[in-house]
Amino acid sequence: KNILFIVGGAFVGIEKIVASRVNQNRMGFGSETSTKMNFTDDEFFAQIRPEDLLKFGLIPELIGRLPVIAPLHSLSEDALKNILLKPKNAIIKQYKKLFAMEGVELEFDPFAIDAIVKKAVERKTGARALRSILEDFMIDIMYSIPSKKNISKCIITRDVIESKKEPIYIEEKRKSA
C-alpha cells in the first residue's frame, strides 16, 4: 500500500515490439491502405502499451503496478555534449583532474568530443555510453602516461577515438642549467 514504483531505462528493443503491433497490415472493407508507417524510435516509445511491456519480458505483477507510462525522448547530440562537458563532476573534468595529478594537462579537440557524442548516439544507450566510450581509449593512455618522461600536455584528437591512434603528446622544454 502507498508504494510508488518508478521504472526507468533504455528498454533497447521494445521499439521493435511496438512497431510489429502498430504496423500490422489491415485487410477488409474500410481498412486503410496497407502501407507501413515509418516512425522514429521515440514515436514508437510514445505508443507503448502494457502488452508491449509483457512481450518485452516484464512480469504481469510489475506491469500492473505501472498505471502511467511516460516515455522520454532520446538525448540529442547537444544534450550528450553538455553532459560530457558542463556538470561540476563531468567525466571529461574527472579525466583532466586525474592527468593533472600526474602533472599532465589533458585537452580534448572539439572534433574528438563530436566523435565521442556520435558514438554514444549510435549505441542508443543515452548518457551511459559516454563513460564506456571514454574508458575504452583513455585507460591505455592513462597507464602509459607515467612511463613517458617530460610530457606536459596530452591532446585527444578524433583519430584517437575513431582509429585508436596515439594522442598528441607535447613535451616540456628542458631547462638548461
Side-chain angles (χ1 to χ4, degrees), residues 6-19 22 36-48 52 56-57 69-177:
I6 298 175
V7 179
F11 294 91
V12 176
I14 198 166
E15 68 277 2
K16 293 174 187 164
I17 295 169
V18 177
V22 171
K36 294 197 175 213
M37 296 178 234
N38 294 319
F39 292 122
T40 64
D41 288 350
D42 286 340
E43 291 170 327
F44 282 126
F45 288 135
Q47 298 186 30
I48 290 177
D52 300 325
F56 186 69
I69 299 172
L72 303 175
H73 293 288
S74 300
L75 292 170
S76 68
E77 288 186 11
D78 287 336
L80 287 168
K81 192 180 291 188
N82 286 338
I83 291 167
L84 200 57
L85 300 170
K86 301 237 172 141
K88 185 174 74 171
N89 64 343
I91 190 163
I92 295 280
K93 291 178 183 176
Q94 291 176 25
Y95 277 111
K96 286 183 177 190
K97 191 78 163 176
L98 287 170
F99 275 65
M101 291 169 63
E102 292 290 332
V104 177
E105 181 186 351
L106 177 63
E107 183 181 315
F108 282 81
D109 180 83
F111 296 113
I113 299 291
D114 292 340
I116 294 167
V117 168
K118 184 180 172 189
K119 276 189 169 194
V121 169
E122 288 170 1
R123 289 190 184 182
K124 295 182 180 184
T125 55
R128 194 169 288 134
L130 295 172
R131 179 173 292 278
S132 63
I133 291 166
L134 277 163
E135 286 178 357
D136 189 36
F137 66 87
M138 288 300 293
I139 197 146
D140 292 335
I141 297 168
M142 285 176 52
Y143 283 119
S144 68
I145 286 284
S147 64
K148 296 182 185 297
K149 301 295 180 207
N150 299 325
I151 299 291
S152 65
K153 192 172 194 177
C154 175
I155 302 172
I156 306 297
T157 62
R158 181 189 308 171
D159 289 337
V160 175
I161 287 98
E162 292 176 349
S163 307
K164 295 211 176 206
K165 292 189 176 177
E166 281 286 308
I168 298 170
Y169 294 111
I170 298 176
E171 295 183 16
E172 64 185 20
K173 295 180 181 176
R174 294 184 183 187
K175 297 179 183 174
S176 57

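The structure presented is a predicted model; accordingly, all values stated were derived computationally and were not measured.
Contact check for Ile156 versus Met138: side-chain heavy atoms found under the 4.5 Å cut-off. At least one side-chain heavy atom of Tyr169 sits less than 4.5 Å from a side-chain heavy atom of Ile141. The shortest side-chain heavy-atom distance between Ile155 and Pro167 does not fall under the 4.5 Å cut-off. For the pair Asp114/Arg158, no side-chain contact is recorded, criterion being any heavy-atom separation below 4.5 Å from C-beta on.
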All N/O donor-acceptor pairs, side-chain side in residues 96-113, below 3.5 Å, sequence neighbours left out:
{"from": "Glu107", "atom 1": "OE1", "to": "Lys153", "atom 2": "NZ", "distance (Å)": "2.7"}
{"from": "Asp109", "atom 1": "OD2", "to": "Phe111", "atom 2": "N", "distance (Å)": "2.8"}

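Checked by atom type, the side-chain pair Ser132/Arg123 shows a donor-acceptor distance below 3.5 Å.
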Is there a side-chain contact (heavy atoms from CB on, under 4.5 Å) between Arg131 and Gln94 once you walk through the steps?
CA-CA 11 Å; Arg131 179 173 292 278; Gln94 291 176 25; 3.5 Å; yes
Please step through side-chain contact (heavy atoms from CB on, under 4.5 Å) for the pair Val121 and Leu75, ending with a clear verdict.
CA-CA 8 Å; Val121 169; Leu75 292 170; over 6 Å; no
Between Ser163 and Phe137, is a side-chain contact (heavy atoms from CB on, under 4.5 Å) present by the stated rule, with each step listed?
CA-CA 10 Å; Ser163 307; Phe137 66 87; over 6 Å; no
Could you walk me through whether Ile161 and Lys119 pass the side-chain contact (heavy atoms from CB on, under 4.5 Å) test, one step at a time?
CA-CA 9 Å; Ile161 287 98; Lys119 276 189 169 194; 4.0 Å; yes
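A salt bridge is absent between Lys81 and Glu77: the closest approach of a Lys/Arg side-chain nitrogen to an acidic carboxylate oxygen does not fall below 4.0 angstrom.
Here CG of Asp52 is found 8.0 Å from CD1 of Ile69. Values are rounded to the nearest 0.5 Å. Rounded to the nearest 0.5 angstrom, Ile14 CD1 and Ile48 CD1 are separated by 4.0 Å. Once rounded to the nearest 0.5 Å, the distance linking CG of Leu134 with CD1 of Ile116 reads 4.5 Å. With values rounded to the nearest 0.5 angstrom, Ile133 atom CD1 is found 9.0 Å from Leu80 atom CG. The line from CD1 of Ile145 to SG of Cys154 is 4.5 Å long, rounded to the nearest 0.5 Å. The line from CD of Glu135 to CE of Met142 is 9.0 Å long, rounded to the nearest 0.5 Å.
Between Phe11 and Phe56, the shortest heavy-atom contact is CD2-CE2, 3.5 Å. Considering all non-hydrogen atoms of both residues, Phe45 and Pro71 come closest at O-CG, 3.2 Å.
Under the salt bridge (Lys or Arg N to Asp or Glu O under 4.0 Å) criterion, Asp136 pairs with Lys164, sequence neighbours left out.
At least one donor-acceptor pair closer than 3.5 Å links the side chain of Glu15 to the backbone N or O of Gly13.
Heavy atoms of other residues, nucleotides or ligands lying less than 6.0 angstrom from NZ of Lys93 number more than 12.
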